[in-house]
Amino acid sequence: MRSFVATAADGADGVNKGLAGMGGEVTIGLAIGYPVSSVSLDGSRADRAHYVVEFRGPGFAGSTFDLFRGPHWTILVFSDHGNSTASFAGLSGDVHVHRFGAGPDTVVLVRPDGYVAARVPLWEAAQVRDHVQRLAGRQAVAA
């Protein structure tokens, strides 16, 4: 804002220059990270999930923003193994699970607000399942 005010003092050209300089990930909130929190599996800082276009997996094609849109948790399983999502069977409708055939075998838990709550190797999938069950249950009680 200081930068905008400084250039706006130069008249219309300054205002236009100031407006052109505004924007990007900082002003639209995409670069915001949350401090350490119990919402993250390991209690670490939560950063915004990356925006990826042309994201493709079984039953899904689009951007990550399309995938995350809605008030639900999202589990992304990156693995070529067809049974890699088996440990997430039976989770509530508040949790969407998607597999993408790309390694290394990794599980990413994305919060309903689009921030990453966990990123672990596939062999730790049970920890993610237990964590999201606790969080989704807490969310349902709060609603």
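Nothing fancy with the numbering, it's 1 onward along the sequence.
Contacts of S79 classified as side-chain contact (heavy atoms from CB on, under 4.5 Å), with partners at least two apart in sequence or in another chain: V77, H81, S84, D105, L122. Every residue two or more places apart in sequence or in another chain that forms a side-chain contact (heavy atoms from CB on, under 4.5 Å) with V120 is listed here: L41, V107, E124, V128. Residues that satisfy the salt bridge (charged side-chain N to carboxylate O under 4.0 Å, His left out) test with R56, not counting sequence neighbours, are absent from this structure. H96 meets the side-chain contact (heavy atoms from CB on, under 4.5 Å) test with H72, H98; sequence neighbours excluded. In terms of the side-chain contact (heavy atoms from CB on, under 4.5 Å) criterion, D80 has no residue partners (sequence neighbours excluded). Every residue two or more places apart in sequence or in another chain was checked for a ring pair (Phe, Tyr, Trp, His ring centres under 6.0 Å) with F68, and none qualifies.
Across R48 and D113, no two heavy atoms sit closer than the pair NH1-O, 2.7 Å. A pairwise comparison of heavy atoms in A117 and R111 identifies CB-CG, 3.6 Å as the closest pair.
Side-chain contact check for H50 versus T64: every heavy-atom pair is 4.5 Å or farther apart. When side chains are defined from C-beta on, V97 counts as touching T85, because their heavy atoms get closer than 4.5 Å. Residues Q133 and D130 form a side-chain contact, since some pair of their non-hydrogen atoms from C-beta on lies under 4.5 Å apart.
Note: the hydrophobic cluster containing F78 does not contain W73 (ILVMFWY, side chain heavy atoms under 4.5 Å, direct or indirect links). Note on F65: it does not cluster hydrophobically with L67, by side-chain heavy-atom contacts below 4.5 Å among ILVMFWY residues.
Rounded to the nearest 0.5 angstrom, R129 CZ and R134 CZ are separated by 12.0 Å. The OG atom of S63 sits 4.5 Å away from atom OH of Y51, with the distance rounded to the nearest 0.5 Å.
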Checklist entry - Could you walk me through whether T106 and L76 pass the side chain to side chain contact (heavy atoms under 4.5 Å, CB included) check? => result CA-CA 8 Å; T106 304; L76 306 175; over 6 Å; no
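Put simply, the residue from V108, D42, V110, L109 that forms a side-chain contact (heavy atoms from CB on, under 4.5 Å) with R119 is V108.
Using a 30° and 60° split on the angle between ring planes, F60 and F100 fall in the perpendicular class, above 60°.
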